[in-house]
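Let me begin by presenting the structure, written as structure tokens, before commenting on it.
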Amino acid sequence: MTDLYAITLPDGSVREVAPGTTPADIAAAIGPGLAKAAIAARVDGELRDIGRPFEGDAQLALVTSRDEADALEMARHDFAHVLAEAVQQLFPGTQITFGPSTDDGFYYDFAPTAERGPFTDEDLPAIEEAMRAIIRADKPLRREVWDRATLISRWKQQGETFKAEWAAELPGDEPLTVYWSGEDWLDMCRGPHLASTGKLDPDAFKLTRVSGAYWRGDQNNPQLSRIYGTGWLNKKQLAEHMTRLEEAAKRDHRRIGQEMDLFHLQSEAQGSVFWHPKGFILWRQLEAYMRRRLDAAGYAEIKTPQLMDVRQWERSGHWGKYSENMFAVPDEVPNAEGEGPVLHGKGDMMALKPMNCPAHILVFKQGIKSYRDLPIRMAEFGCCHRNEAHGALHGIMRVRQFTQDDAHIFVREDQLIDEVKAFCDLLDSVYRDLGFDKYAIKLALRPEKRFGSEEMWDWSEQSLRDAVKATGRDTADYGWEELPGEGAFYAPKLEFHLTDAIGRTWQVGTMQTDTVLPERLDASYVGADGERHRPIMLHRAILGTFERFIGILIEHYAGRFPLWLSPVQAVVATIVSDADDYAHQVADKLAKAGIRVETDLRNEKINYKVREHSLAKVPNLLVVGKREAEEGTVALRQLGSDRQQMMTLDDLVAMLVKDATPPDLR
């Protein structure tokens with residue numbers, strides 16, 4: 001008699017099935033509705049094909065389109081494979097490489113033939129039509145496990161050199177699986193996949209763009225053509241996403257930054273921002289606000305060096321884990337004579353700091369610290385450098401030079417939960433002041449490669465859990481979630497993800513508990529027992545970096561900042577030149593009251609001025625003519641409103657002063 005497998009369902013019931021039975025069979029046995037709705041299965045927690053047979057006793061949860069995260073992941077993965085099949089149909093000889101899903105879609109990297117040359121955006125409509133034909137053909141997607149040598153041989157015979165190389169380098173104990181699309185096309189993939197291409201909605205995807213990419217991300221390797229697409233479960237979701245993309249394009253911080261004359265970037269300083277006067281006003285307002293909040297919360301602000309000896313980074317562990325992202329600088333005088341090498345290579349190596357934490361420990365170590373001195377809260381608006389690849393740079397969101405709103409808190413064990421709780425409360429208040437009412441909290445747990453003992457990690461992770469629980473924010477309302485393997489190499493961390501005005505999320509704030517760096521850099525305090533003890537070091541940031549957070553603010557507000565942040569808070573515009581003197585009087589009075597104001601006395605029609613200052617996102621346009629000058633009034637036009645409001649100058653000044661007061665000073 002054949003042994004049966006015991007399959008346990010989520011309700012606790014158990015079904016005994018014969019070998020060869022699949023999750024699809026169990027769905028059909030439960031009912032035709034579930035058989036139609038089930039698209040995949042979680043077997044002992046692993047997401048699998050609905051048609052993959054059980055291999056023994058198992059826990060089973062059937063996946064339907066209502067399980068949106070799993071359903072989207074599988075659909076996007078399938079769209080990527082359909083894309084690859086369509087490209088090879090249309091352009092024979094094209095080699096395939098990788099095709100993962102992404103947060104909102106998928107991409108696939110191709111090596112076109114030399115005769116064909118790189119793909120372009122003009123190729124996308126034809127590829128889309130070929131993809132729809134494959135989807136409508138409802139081709140079965142079938143999994144097979146292949147012998148390594150056989151698979152490598154097949155790839156080589158078909159001229160798929162990239163696939164052959166990858167198959168040869170996969171771990172020896174890893175089964176090599178392929179998926180057939182019908183009987184005429186296959187790709188190497190771990191899966192899982194939907195049962196057939198027809199499970200995809202042919203109207204729920206769109207190819208968006210083509211870009212260059214290097215094989216395995218190495219610029220020394222061959223260049224490939226990467227085709228991006230967005231994929232969803234149905235046409236409605238796609239339409240909503242495309243609307244969001246259109247809105248995001250309107251809010252692009254690079255375009256708005258240019259329109260408002262806030263900043264620019266150029267190749268002479270890759271990954272560094274040139275802040276213009278108006279942009280730096282925005283920076284200074286944000287920095288002044290954060291400084292006031294930190295002062296009130298008991299932080300002491302410090303400033304630490306940009307360059308430190310590489311030996312210090314070796315002691316901290318950053319050089320071994322992070323050196324490829326650091327700028328190293330030889331400590332020697334360059335040869336400027338024109339003969340011989342510029343650098344002789346005999347100087348010690350220095351490194352531009354990619355983070356502030358080791359320097360803060362050096363400040364902590366100056367003088368003897370007592371347990372009574374703790375907690376010590378050190379804050380720094382620290383300028384850092386990281387050697388990001390050119391292709392990874394993006395406006396002011398991803399840069400090489402950036403300034404963190406960084407701080408480190410040195411605490412005793414018994415102080416940790418209260419300090420993390422106080423930080424969470426401060427962060428909540430700051431985000432709400434800046435216009436973000438919704439954010440999620442994630443706990444990033446120990447990564448595979450890490451420093452410290454398992455006991456330390458157990459304690460650190462649980463301490464963060466307990467601190468968030470003490471704030472009442474470990475709930476679904478705050479998107480509480482734990483992320484295995486996402487912590488830093490020296491500590492677990494809380495991540496704070498903002499939701500902006502159009503529903504996008506941005507990971508900005510962090511809080512990490514660290515016992516590793518104080519140990520490695522020999523930081524200590526004298527305890528009540530007279531003995532030396534290691535402090536716990538809390539790494540924390542609220543904004544993350546000024547550059548990126550300002551980019552987020554620009555896109556969140558679409559450039560229409562709250563009045564206290566606006567670089568220009570009012571413009572006085574004249575209708576006729578007879579009002580020029582009065583315009584200066586109005587501007588002077590506003591400036592003396594602390595309002596950032598400009599005048600527009602050009603010989604242009606007022607409608608032209610209104611339109612131009614609206615594009616520049618000026619919040620208050622103050623129109624004055626001969627009548628206003630005689631009456632001591634101003635015609636106020638506020639950004640986004642068609643109506644005009646007549647006010648006395650004194651009332652206008654009082655209103656703007658009130659509206660321009662930062663939220664922490666109201």
Exercise. Heavy atoms only: give me the nearest His556-Arg251 pair and the separation to one decimal.
Key: O-NH1, 2.6 Å

Quiz item: Is the closest side-chain heavy-atom distance between His539 and Met511 below 4.5 Å?
Solution: no

Which donor-acceptor pairs under 3.5 Å do the side chains of residues 4-20 make with protein atoms, sequence neighbours left out?
unit_1 : atom_1 : unit_2 : atom_2 : d
Asp11  : OD1    : Ser13  : N      : 2.9
Asp11  : OD1    : Ser13  : OG     : 2.6

Quiz item: Is there a donor-acceptor contact under 3.5 Å from the side chain of Gln507 to the main chain of Gly509?
Solution: yes

Quiz item: Any donor and acceptor pair, going by atom type alone, linking the side chain of Lys163 with main-chain N or O of Thr97 inside 3.5 Å?
Solution: yes

Quiz item: Under a 4.0 Å N-O cut-off, is there an ion pair linking Lys442 with Glu486?
Solution: no

Self-check item: SB check Glu454 Arg446 (cutoff 4.0 Å)
Solution: yes

Practice problem: For this output row, return yes or no: ring centroids of Phe98 and Trp166 closer than 6.0 angstrom. | Solution: yes

Quiz item: More than 12 non-hydrogen atoms from neighbouring residues, nucleotides or ligands closer than 6.0 Å to CG on Asp103, yes or no?
Solution: no

Quiz prompt | Salt-bridge contact Arg42-Asp70 (side-chain N to carboxylate O under 4.0 Å) | solution = yes

Quiz prompt | Check: Arg504 and Thr499 side chains under 4.5 Å, non-hydrogen atoms | solution = no

Quiz prompt | Qualifying residues under ring-ring contact (aromatic ring centres under 6.0 Å, His included), relative to His264, sequence neighbours excluded | solution = Phe274, His276

Quiz item: Between Arg66 and Glu68, is the closest basic N to carboxylate O distance under 4.0 Å?
Solution: no

Quiz item: Would you call Pro330 and Met350 a side-chain contact if the rule is heavy atoms closer than 4.5 Å?
Solution: no

Exercise. May I ask you to establish whether Arg226 and Phe119 are in a cation-pi arrangement, using a distance under 6.0 Å from NZ or CZ to the six-membered ring centre and at most 45° from the ring axis?
Key: no

Quiz item: What closest approach, in Å, do Phe263 and Gly257 show between heavy atoms, and which atom pair accounts for it?
Solution: CE2-CA, 3.8 Å

Quiz item: Looking just at side-chain N and O atoms, do Gln88 and Gln158 make a donor-acceptor pair shorter than 3.5 Å?
Solution: no

Quiz item: Can the ring centroids of His241 and Trp232 be said to lie less than 6.0 angstrom from one another?
Solution: yes

Quiz item: Side-chain donor-acceptor pair under 3.5 Å between Asp49 and His193, yes or no?
Solution: no

Quiz item: Using the ring of each side chain (for Trp, its six-membered ring), is Phe327 parallel, tilted or perpendicular to His385, with breaks at 30° and 60°?
Solution: perpendicular

Quiz item: Do the rings of Trp185 and His81 sit parallel, tilted or perpendicular, given the 30° and 60° boundaries?
Solution: perpendicular

Quiz prompt | Pairwise ring pair (Phe, Tyr, Trp, His ring centres under 6.0 Å) hits with a residue in residues 40-68, at least two apart | solution = none

Self-check item: salt bridge (Lys or Arg N to Asp or Glu O under 4.0 Å) assessment of Lys235 paired with Glu240
Solution: CA-CA 9 Å; Lys235 184 177 181 179; Glu240 291 172 347; over 6 Å; no

Exercise. Establish, for the pair Arg520 and Phe451, whether the NZ or CZ atom is under 6.0 angstrom from the six-membered ring centre and no further than 45 degrees off its axis.
Key: yes

Self-check item: Distance-minimising heavy-atom pair for Ala38 and Ile50
Solution: CB-CD1, 3.9 Å

Quiz item: When you look at NZ of Lys438, are more than 12 heavy atoms from neighbouring residues, nucleotides or ligands closer to it than 6.0 Å?
Solution: no

Self-check item: Asp123 vs Phe91 side-chain heavy atoms within contact, under 4.5 Å
Solution: yes

Quiz item: Okay, side chain of Thr230, backbone of Asp104: is any donor-acceptor separation there less than 3.5 Å?
Solution: yes

Quiz item: Does the side chain of Leu494 come within less than 4.5 Å of Thr510's, by heavy atoms?
Solution: no

Quiz item: How would you list, by chain and number, every residue that makes a ring-ring contact (aromatic ring centres under 6.0 Å, His included) with His253, sequence neighbours excluded?
Solution: His394

Self-check item: Sole residue of Tyr108, Phe106, Tyr107 in side-chain contact (heavy atoms from CB on, under 4.5 Å) with Tyr228
Solution: Tyr107

Self-check item: Pairs satisfying side-chain hydrogen bond (donor to acceptor under 3.5 Å, both in side chains), at least one member in residues 196-214, at least two apart
Solution: Asp138-Ser196

Quiz item: Going by an N to O cut-off under 4.0 Å, is there a salt bridge joining Glu144 and Arg142?
Solution: yes

Self-check item: Any donor-acceptor pair under 3.5 Å from Glu547 side chain to Val273 backbone
Solution: no

Quiz item: When rounded to the nearest 0.5 angstrom, what is the spacing between CD in Glu55 and CG in Asp44?
Solution: 9.5 Å

Quiz item: Counting distance only, does the side-chain N/O of Arg450 pair as donor-acceptor with the main-chain N or O of Pro447 below 3.5 Å?
Solution: yes

Quiz item: Quick one: do the Thr243 and Glu247 side chains pair a donor with an acceptor below 3.5 Å?
Solution: no

Quiz item: So, Gln404 versus Thr545: side-chain donor-acceptor pair below 3.5 Å or not?
Solution: no

Exercise. Please name the pair of heavy atoms, one in Ser225 and one in Pro112, separated by the smallest distance, quoted to 0.1 Å.
Key: OG-CG, 3.8 Å

Self-check item: Short side-chain to backbone donor-acceptor contact, Asp121 and Val210, under 3.5 Å
Solution: yes

Quiz item: So, do Trp215 and Phe162 have ring centers that fall under 6.0 Å from each other?
Solution: yes

Practice problem: State whether the number of non-hydrogen atoms from other residues, nucleotides or ligands found under 6.0 Å of Arg190 atom CZ is greater than 12. | Solution: no

Exercise. In sequence, state the C-alpha distance, the side-chain angles, and the governing distance for Asp252 and Arg254, and then conclude on salt bridge (Lys or Arg N to Asp or Glu O under 4.0 Å).
Key: CA-CA 5 Å; Asp252 190 300; Arg254 295 165 296 183; 2.7 Å; yes

Self-check item: Nearest-0.5 Å distance that lies between atom CD1 in Ile39 and atom CG in Leu62
Solution: 10.5 Å

Practice problem: With sequence neighbours excluded, tell me which residues meet side-chain hydrogen bond (donor to acceptor under 3.5 Å, both in side chains) with Glu388. | Solution: Arg398

Practice problem: List the atom of Ala167, the atom of Ile152, and the distance in Å for their closest heavy-atom pair. | Solution: CB-CG1, 3.8 Å

Quiz item: Are any of the side-chain heavy atoms of Glu183 and Pro140 separated by less than 4.5 Å?
Solution: no

Practice problem: Decide whether a cation-pi geometry holds between Arg143 and Trp180; the criteria are a distance under 6.0 Å from NZ or CZ to the six-membered ring centre and an angle within 45° of the ring axis. | Solution: no

Quiz item: How far apart are the closest heavy atoms of Leu265 and Gly395, and which atoms are they?
Solution: CD2-O, 3.6 Å

Quiz item: With distance as the sole test, does Glu160 use its side chain to make a donor-acceptor pair with the main-chain N or O of Ile96 at under 3.5 Å?
Solution: yes

